[in-house]
Amino acid sequence: MAREVYPFETIEQRWQAFWKERRFFEMDESSMKEKYYCLVMFPYPSGDLHVGHGRNYIIGDAVARYQLMRGKNVLSPMGWDAFGLPAENAAIKSKTHPRDWTLKNIKRMKAQLESWGCGYDWRREVTACEPDYYRWTQWVFLKLYQKGLAYKKMGAVNWCPSCQTVLANEQVVAGSCERCDTKVGLKDLEQWFFKITDYAERLLKDLDLLADWPERVRVMQRNWIGKSIGVEIDFPVAGFDRKLTCFTTRVDTIFGATYMVLAPEHPFVDEIIVRSDKADRLKKFVTEVKAQSRIDRESQEVEKKGIDTGVRVINPMNNREIPLWLADYVLMDYGTGAVMAVPAHDQRDFEFARKYGLPVEVVIQNEARDLDPRKMKEAYVDDGYMANSGRFSDISNREGMESIADFMEANHVGRRAEHVKLRDWLISRQRYWGAPIPIIYCETCGIVPVPEESLPVLLPHAVDFKPTGTSPLKEMSEFTETTCPRCGKGARRETDTMDTFVDSSWYYLRYLSAGDGTRAFDIGLVNRWLPVDQYIGGVEHAILHLLYSRFITKVLYDLGLVNFKEPFQRLFTQGMIIKDGAKMSKSKGNVVAPDILIKKYGTDTVRLYTLFVGPPEKDAEWNDRGVEGAFRFLNRVWRLLELEGEIVRRVSADDLKGIRHRTHFTIKKITDDIERGFQFNTAISSIMELVNELYARANQGPAAVLCKEAPAVIREAIQTVALLLSPFAPHIAEEVWSRIGNGESVLETPWPRYQQVFLELEKITIGVQINSKLRARIEIDASLTDEALKEAVLADEKVKQHLGDKIIKDFFIVPKKLVNIVIQ
RNA sequence: GGGCAAGUGGCGGAACUGGCAUACGCGAUGGCCUUAGGAGCCAUUUCCUUCCGAGGAUUGGGGGUUCAAAUCCCUCCUUGCCCACCA
């Protein structure tokens with residue numbers, strides 16, 4: 001049996017064609033209107049999109065449509081983060097070329113985006129794996145190279161000894177290679193890095209400029225950069241003519257240092273081994289630690305282990321000799337790779353000292369001054385008073401920190417220093433499917449950058465994939481063999497490609513100049529359109545992508561190529577869509593495909609439900625029954641067209657006041673909800689309330705007298721429903737508007753404005769509390785004075801009943817809301 | 001272990017600056033319409049008690065501030081996310 005539902009299919013097709021034909025989403029460079037750059041994070045083209053992905057694009061589209069109606073010149077572009085590992089995996093598995101696989105997915109996903117009714121300026125589409133894009137990614141690399149911000153050094157990578165291949169962290173499953181199950185180790189390789197640490201301070205400080213970013217994202221970035229303030233201390237090594245420097249944030253505990261620990265990778269370790277009588281045991285220890293994969297090394301499960309080197313270092317504060325150990329818990333790439341261990345006041349040192357029987361000495365006392373190393377079960381890490389610290393004893397440890405630092409600087413045994421956790425950005429990938437690093441190695445000239453005019457370094461198309469995942473570029477002489485741009489002699493090309501995060505760290509600039517074969521971006525255009533007014537994407541990119549983009553922007557700023565310091569003015573991170581308690585994924589089999597739902601209920605329903613399901617910044621559970629609810633609502637909206645006359649015949653003068661109030665209240669509410677952080681869920685619920693009120697009027701008895709104003713007021717209400725609904729359910733909104741509105745398209749109609757006079761009511765209902773308990777509700781004139789209000793409340797029968805003859809102690813009035821009568 | 005969120009009906013969630021808790025939707029129940037209802041419309045729906053007037057309880061638990069607390073403070077519990085040997 002056919003259900004009587006609104007003809008969503010024809011409506012949606014018609015309006016999508018109309019928008020395209022009228023080019024509503026093509027940004028007009030010559031327009032004098034205020035610009036609005038609405039950017040949704042460009043997707044990795046992995047194949048089918050599900051409703052969880054859809055949330056991202058639907059939010060972005062709703063924002064773009066709202067801003068168009070606010071009269072802005074909106075730029076809403078879309079592109080593809082098209083390089084990356086999955087394409088290579090697919091190539092190996094199904095014998096397709098990564099490019100074919102990627103372009104096929106792009107085609108499919110583009111069709112899905114269009115079926116959602118999302119409007120983009122497709123003239124500006126960018127595809128990161130195409131030469132006209134990655135040519136400029138290579139150009140960005142050269143800019144960093146010229147500034148000394150791209151450099152080569154040894155770096156450790158996950159290595160599968162059986163496949164002879166570098167593995168990404170995600171290819172290491174429980175310490176073993178995902179393909180052949182061999183135990184994965186670390187291997188040092190020459191790698192390209194970007195010197196992001198040079199920008200750590202600015203990346204940290206400029207977070208203050210990003211007041212419109214979610215606080216939690218700023219906190220995550222701050223923690224990731226991880227600045228700590230402390231002191232670098234030089235410890236002379238007994239019997240060696242050298243010092244070991246360690247960094248500490250707790251210089252106040254220096255008198256309690258009972259041993260020092262080096263990372264096994266520390267360069268001094270080799271010197272020790274050469275002169276040690278237990279060289280074999282030390283070598284064995286170092287080898288064991290180095291054999292651990294990164295995952296194992298950083299796992300908390302594995303117990304810390306260490307070994308005494310026999311060497312002793314001298315504490316510069318008290319000239320005491322303490323033993324030097326090696327331990328796997330000290331990392332070479334943080335601080336100096338050497339740690340002074342204070343077991344009494346650091347939990348990790350405490351556990352290590354207890355395990356190996358090293359002394360524990362209290363140098364910070366608690367309030368009760370009763371800390372005793374023999375009785376301690378854990379380290380005392382709080383503030384306290386200096387103890388056993390020579391002339392620094394008895395002052396507070398905070399004071400001690402400063403005094404000791406001053407002393408060290410004066411006596412040249414240490415200095416104040418800052419360290420950051422942030423590491424330089426390793427951009428080399430031993431992969432095929434990425435932008436080739438534009439570098440040439442020449443026997444005579446050394447490392448030579450490819451000249452800008454020779455870009456792009458093209459990725460060869462005809463390649464042969466090994467099942468092990470080894471990059472095929474290495475063995476392609478037609479790629480590797482070249483001539484040196486400097487001396488003309490034979491030379492060899494770099495075969496590493498760039499991390500895909502490089503591609504995505506500048507794409508928002510390319511949209512302004514997509515297709516321009518002469519430059520990466522037009523400086524004038526970029527400076528006019530950036531920073532992005534609203535960036536929208538998943539919180540999983542809160543750290544890396546956003547940090548790298550900020551970094552690249554700052555580098556371009558320093559090069560005078562852009563005039564803004566931050567690329568993204570406002571950031572919105574939407575929550576995930578959950579199904580059956582878990583994130584949607586193919587492997588879990590809980591994916592909700594949008595195509596079926598769109599076919600059954602139409603795009604507007606899917607869009608409306610997606611926005612209604614919950615606050616967009618939070619995770620939300622998908623419920624197919626809820627989709628039906630959204631569909632019911634849109635059908636109710638549709639039927640307003642035929643109910644209009646009925647409502648007009650049934651409304652009284654009072655009803656009209658109520659409807660007009662509700663109409664204008666809804667305009668205000670929705671505008672506030674959108675402006676105040678995209679609260680689409682409550683915005684939609686208030687449209688539902690307006691529609692519900694119109695239905696209530698349609699179902700009551702006919703009015704005694706026909707109101708002259710009725711047709712205009714009811715028409716205004718229905719038109720308002722269409723306009724307010726249009727960012728969320730644009731197709732039905734257009735259809736309703738075109739049938740009863742005054743123009744062709746809602747997109748050419750200004751966003752409605754509310755009138756203050758209609759927001760104010762003559763009669764209001766207030767709650768009456770007696771001793772904070774609600775006892776009555778009374779209707780009063782809104783204009784009543786406090787005195788008159790009090791009188792009216794006390795005259796109410798129900799109130800009188802509850803008051804009895806009790807004495808009124810206090811009478812609180814909350815204007816237009818409630819009163820609270822306090823009695824004995 | 002650290003950091004950040006969050007805990008409200010059977011469910012998703014609302015409540016803006018401390019001011020009528022549970023808007024809106026889902027589900028459920030009843031009615032109307034109907035040959036039929038998996039359409040539509042209407043009504044009820046936090047829980048307990050009820051003589052049907054109403055009364056009492058309620059925002060993870062406990063305590064506090066206040067005329068007034070989901071909201072502020074203290075404390076405990078639970079869940080989720082991110083980071084994690086960071087010296």
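The analysis underlying the following values was restricted to heavy atoms, covering all of them including side chains, and did not include hydrogens, waters or symmetry mates. Below, chain A is the first sequence line, B the second, and so on; all start at residue 1.
A/Asp346 comes within contact range of no nucleotide atom at all, as no heavy-atom separation falls under 4.0 Å. Contact annotation for A/Trp224: backbone-only contact, meaning every heavy-atom pair under 4.0 Å involves sugar-phosphate atoms and none involves a base. Among the heavy atoms of the strands, none lies under 4.0 Å from A/Gly614.
Separation of the C1' atoms belonging to B/G64 and B/G25 is 37 Å when rounded to the nearest angstrom. B/C76 and B/U66 are spaced 23 Å apart, taking the C1' atom of each and rounding to whole Å. Spacing between B/A15 and B/U22 at atom P, rounded to whole Å, works out to 13 Å. Comparing the C1' positions of B/U78 and B/U59 gives an interatomic distance of 16 Å, to the nearest angstrom. With both ends at atom C1', the span from B/U58 to B/A21 equals 9 Å, rounded to whole Å. Taking atom C1' in both B/C67 and B/C77, the straight-line distance is 32 Å, to the nearest Å. Taking atom C1' on both nucleotides, B/U29 is separated from B/U79 by 33 Å, rounded to a whole Å. The gap from the C1' atom of B/A87 to that of B/C4 amounts to 24 Å, rounded to the nearest Å.
Only A/Asn681, A/Thr682, A/Ser685, A/Met688, A/Glu689, A/Asn692, A/Tyr695, listed by number, bring a heavy atom of residues 676-695 of chain A to less than 4.0 angstrom from any atom of RNA chain B.
A/Tyr609 and A/Asp624 are not linked by any side-chain donor-acceptor pair at a separation below 3.5 angstrom, with hydrogens and angles left out of the test. A donor-acceptor contact closer than 3.5 angstrom is absent between the side chains of A/Gln801 and A/Glu797. When only modelled atom types and interatomic distance are considered, A/Thr253 and A/Tyr380 share no side-chain donor-acceptor pair under 3.5 Å.
Straight-line distance from the CD atom of A/Glu797 to the C1' atom of B/G53: 15 Å, rounded to whole Å. Regarding A/Glu675, its CD atom lies at a distance of 19 Å from the P atom of B/C16, rounded to whole Å. To the nearest angstrom, P of B/A39 lies 15 Å from CZ of A/Phe8. To the nearest angstrom, P of B/A87 lies 16 Å from CE of A/Met260. The CZ atom of A/Phe631 sits 22 Å away from the P atom of B/C24 (whole-angstrom rounding). Rounded to whole Å, the distance from CD on A/Glu351 to P on B/C85 is 14 Å. Across the protein-nucleic acid pair, A/Arg222 atom CZ and B/G3 atom P stand 15 Å apart, rounded to whole Å. To the nearest angstrom, P of B/C24 lies 12 Å from NZ of A/Lys669.
Of the candidate nucleotides B/A87, B/C4, B/C20, B/C4 has the atom lying nearest to any side-chain atom of A/Arg216. Closest to the A/Arg639 side chain, of the nucleotides B/C85, B/G40, B/C4, is B/G40.
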Quick one: which protein N/O atoms are closer than 3.5 Å to N/O atoms of nucleotides 44-52 of chain B? Pair and distance per line, please.
none

Could you pull out the protein-nucleic contacts involving nucleotides 62-69 of chain B (nitrogen or oxygen on both sides, under 3.5 Å)?
from  : atom 1 : to       : atom 2 : distance (Å)
B/C67 : O2'    : A/Ser772 : OG     : 3.3
B/C67 : O2'    : A/Asn820 : ND2    : 3.3
B/C67 : O2     : A/Asn820 : ND2    : 2.9

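Taking the side-chain hydrogen bond (donor to acceptor under 3.5 Å, both in side chains) definition, one finds that A/Asp655 meets it with A/Ser652, A/Gln700, sequence neighbours left out. Looking at residues two or more places apart in sequence or on another chain, you find a side-chain hydrogen bond (donor to acceptor under 3.5 Å, both in side chains) between A/Thr682 and A/Asp673.
In terms of modelled atom types and a separation under 3.5 Å, the side chain of A/Arg423 and the main chain of A/Val420 share a donor-acceptor contact.
Sequence order on RNA chain B of the closest nucleotides to A/Pro615 and A/Arg632 puts A/Pro615 first from the 5' end. Residue order along RNA chain B, read from the 5' end via each residue's closest nucleotide, puts A/Ala620 first among A/Ala630 and A/Ala620.
Base orientation at B/G9 is syn, since its O4'-C1' glycosidic dihedral falls within 90° of 0. B/G53: glycosidic angle within 90° of 0, hence syn.
In this structure, CG in A/Leu694 is found 11.5 Å from CG in A/Asn699, a value given to the nearest 0.5 Å. The line from CG of A/Leu547 to CG of A/Leu204 is 10.0 Å long, rounded to the nearest 0.5 Å.
Using a 4.0 Å cut-off, some side-chain N or O of A/Arg625 falls inside it from OP1 or OP2 of B/G27. OP1 or OP2 of B/A57 lies within a sub-4.0 Å distance of a side-chain N or O belonging to A/Lys773. Contact check, A/Asn699 against B/C42: a side-chain N or O comes under 4.0 Å of OP1 or OP2. Residue A/Arg775 places none of its side-chain N or O atoms closer than 4.0 Å to OP1 or OP2 of B/A54. Put simply, A/Arg636 has a side-chain N or O that comes within less than 4.0 Å of OP1 or OP2 on B/C41.
With a 4.5 Å cut-off on side-chain heavy atoms, A/Arg416 and A/Glu402 count as touching. Contact check for A/Arg775 versus A/Ile821: no side-chain heavy atoms found under the 4.5 Å cut-off. Residues A/Tyr601 and A/Asn635 are not in side-chain contact: their nearest non-hydrogen atoms beyond the backbone lie 4.5 Å or more apart.
Note: A/Phe247 and A/His419 have tilted aromatic rings, judged against thresholds of 30 and 60 degrees for the angle between ring planes. Between A/Phe680 and A/Phe678, the ring planes lie parallel to each other; the angle is under 30°, not in the 30° to 60° tilted range.
Between A/Arg639 and A/Glu642 there is no salt bridge, since no side-chain N of the basic residue sits under 4.0 Å from a carboxylate O of the acidic one. Salt bridge A/Glu646/A/Arg649: present, at least one basic N to carboxylate O contact under 4.0 Å. Here A/Arg415 pairs with A/Asp234 in a salt bridge; the nearest charged N to carboxylate O distance falls below 4.0 Å.
Ring centroid separation for the pair A/Phe501 and A/Trp425 does not come in under the 6.0 Å cut-off.
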Point to revise | Paired and unpaired positions of RNA chain B as dot-bracket, Watson-Crick or G-U wobble under 3.5 Å, | denoting a partner strand | key: (((((((..(((......[....)))((((((.......))))))((((....))))..(((((..]....))))))))))))....
